[in-house]
Structure formats: C-alpha cells, structure tokens
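To start, the structure under review is shown below, and the notes come after it.
When a residue number appears, it is its place in the shown sequence, counting from 1. Computed from a prediction, not measured in an experiment: that's the story for all the values here. The basis for the numbers below is simple: all heavy atoms, side chains too, and nothing from hydrogens, waters or symmetry mates.
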Amino acid sequence: MRTTGRINLVWTLAAAALASLATILALPGGGGAVTQAVPGNTVEPRITGSATVGSTLTASQGTWTGAPTSFAYQWVRCPRGGGLPTGADCAAISGATTTQYVVGTADVDRRLRVRVTAANAEGSRTAASNATAIVRAPDAGRPTNVQPPTLSGTATQGQTLRVTPGTWNGLQPITFTFTWLRCDTNGNNCVLQPGFNDDSYVVREGDVGKTLRARVIARNNRGESSRLTAQSPVVRGPEGPAGMITLPNGERSIPVTSVPPNESLVVDQTVFGTNPIRSRTSPFQVRIKVKDSRGFVVRDALVFFRSTPLVTQNAQDQRTGQDGWLTLTVTPERDFPALRNDYNLQFYVKAHRQGDPVLAGVAGTRLVQVPLAG
C-alpha cells in the first residue's frame, strides 16, 4: 500500500509539470517570452490656452501604457457641439501637426481638438482630447494680450536689450509704451527704472548680478492693459577690448591702444562753441569727439586740428578724455578772413595714435566748416 501511494504521488507531480509546459508552449512564439502590448491610453491628451483668435494652444500627450516610442499630433476643427469624442468627424487642419497651434480666423465659432497617436513596435493607437470652448473672435474692447512680449539682446553691461510688444487683440488702433524694471535673480522684487520708456534699454553697471524685465502697456479708445516680459538672464559685467569701461551714459570707453589695426579712429563730432564766428580776434572753443569704427568711445587719442588756409593757431596733438571728448581753444591769426555772410571757414581734423605714420595706422580724418557772420 505504501509503494502504491508513492507511485500515485509521482504521477500527480509529473502531470502537473506537463500541464505547465503545455501552457508555456501555447504562448505566442512558443518560447515563453511575454510580448509588448500596443499602446493604450489611460489619461487623454489635454489642451491648454485660450480659445481666442491669435492665442497659442498647447497639447499634452496624455498618459499611455505599452511604452510608446513616438507620438504624432493632429489638430482638428470640430462643429460647435464638439463632434465625436474621438474627433473622427472633425476636419484635420493642414500643417497643424505639432504640440502647439495658433488659433486662426477659420476657427471662429468652431471647437478644436488634438488627436495624439502613440506608437511602438507592436502598433499604434489614437486618442483625442476634449474639445476646447467655442473659438471667439478677437475682443473689440480694451487691449487683451494673447502672445506675451519678449526680450532680445545680450544681458551684459553696455549691451542693448529690446522688447517686442507681443500680440494683442482689441479695438484698433492699439499703441504701446514701455517701462523697464530691475529685478532679483528670480525676476521678483522688481524696481522701476525711471526715465527709461523706449523699447530699447542699454544695460548699466547697476544691473550687473540682477535680471531685467520690461512692461508693455497697450492702449486704445476702450482702455489699457499691460503685460510683463519674462526676466532676462542674470546680467553679466562688461565684455570688450582691454581697458574698456562703461560711462554713466551707457557708452563704452576704450584706450586708443585697444583699437586693432583692422579698425580705425573716427572723428565722430565737432562742435564749435561760437557758431557763426563774429570776431576776427577773439579766441573760440571747439569740442571734438573721437570713436573707433566699432562705436567705442576712444580716450587718449591724439587730435590734430588746423584751418585751411592756416589762419588760426591752437595746441596740437592733444589727448581725448575718458568720454572721448577734447576741448581746444583756437585763436585767429592776423590774416584771419574778413567777416562776411555766406562764407565758411574750413578746418582739417585728424585723430591718430602716437607713433603711427602720418595718415596711416588707425588714423581717421574729417573736414569741417564753420560759418562767418559780418
């Protein structure tokens, strides 16, 4: 009896093993490996943004099983009722195949969906978002921002930032004004910068280590609205030629030795303190400003200044100051021309660097005139 029980137990265990083996062999492929499933949607895609002409809508991909390896997007235009939940009866919008879509006038009085197709090696499935609200035409009231303003430029001391207003709906015409704010590194705790009301702003020394934002104020006959830009990157100190400093007015000053051979000096401005000249004997002053061909103010440049013909005298090869300006006192000679209307006295101006050959190196020249008056 004991031997018979053992034999029965062995047969029972063998039968169970055979049944398990049959189950494994019955799996697809016959090898026991579990295949990857076609993607399945568990949380539908979602649209964010305002259903208003000019606004940008953004689609999420939703949540999927089956480890999708790619996603494709198709925006569709649906009836006022929203159409089928799958979006199958909605019209595909040509070219609208990314995660974002700018609402157009053709969408007015319709609703929008996005259809997301998830795919992997086993196949693909498509799920649609809920429909948006019915698309509205632009509000003909006070300005409404639908595309935020943006900053461009380099956030470095001495460089220029510019703001574009963005896109606004509302009764036309819409006009814009601007203010600039200095903020902490996170774009918060902002302080208005008085006197800066243009769409451009030269970054100053006090901005270093901070961020900048611009506020755009839009106005029409119905009222006004405003919108801030995102903050700039943290402002860095000046970058430029050796010895460059930033002046209080935002201009960048360099020593004349930092003007490279492939650039030149420029006589940027010549201002006569007496204009027109009304005396043949009284000295008069002339202010001269020197820059280089890149726009840097140049200090320590030598300035040669003389009348043609030579009927005045003044000190030569005087140096420009930190702001690029030089003031000369010019004294008329005895043969200074008679004062008469409709006559101009001409002067030759040369800015150069010590040691450079005459009219060579980085020298820059200019002819200027001042009228005489009888």
Quick one: pull up OG in S258 and CZ in R299 and give me the separation to the nearest 0.5 Å.
7.5 Å
On the ring face of F296, is R294 found with NZ or CZ under 6.0 Å from the centre and within 45° of the axis?
no
Look up atom OG1 in T177 and atom CZ in R215, then write down how far apart they are to the nearest 0.5 Å.
10.5 Å
Passing candidate, side chain to side chain contact (heavy atoms under 4.5 Å, CB included) with D335, options V311, T312, L310
V311
Suppose the criterion is disulfide bond (SG atoms under 2.5 Å apart): which pairs have a residue in residues 141-218, not counting sequence neighbours?
C183-C190
Is there a chain of hydrophobic side chains (I, L, V, M, F, W, Y, each step under 4.5 Å between heavy atoms) that links V267 to L326?
yes
For the pair T270 and R287, evaluate side chain to side chain donor-acceptor pair (under 3.5 Å) and give the outcome as yes or no after the intermediate values.
CA-CA 6 Å; T270 304; R287 299 187 69 231; over 6 Å; no
Please determine if D199 and R162 form a salt bridge, counting it only when a charged side-chain N lies under 4.0 Å from a carboxylate O.
no
Say whether L151 and F178 are linked into one hydrophobic cluster, either directly or through other cluster members, by side-chain heavy-atom distances under 4.5 angstrom.
yes
Check the pair R182 / Q193 against side chain to side chain donor-acceptor pair (under 3.5 Å), numbers first and verdict last.
CA-CA 7 Å; R182 180 185 293 161; Q193 301 301 291; 3.3 Å; yes
Working to the nearest 0.5 angstrom, can you tell me the gap between T167 OG1 and I174 CD1?
10.0 Å
Please evaluate residues Q147 and T56 with respect to the criterion side chain to side chain donor-acceptor pair (under 3.5 Å), reporting the C-alpha separation (whole Å), side-chain torsions for both, the decisive distance (0.1 Å), and the verdict.
CA-CA 7 Å; Q147 194 78 9; T56 299; 3.0 Å; yes
Output the distance between atom CZ (R219) and atom OG (S225), rounded to the nearest 0.5 Å.
10.5 Å
Angle class for the W168/F176 ring planes (parallel below 30°, perpendicular above 60°, tilted otherwise)?
tilted
Thinking salt bridges, do E251 and K289 make one under a 4.0 Å N-O criterion?
yes
Are D107 and R77 close enough for a salt bridge, meaning some N to O gap below 4.0 Å?
yes
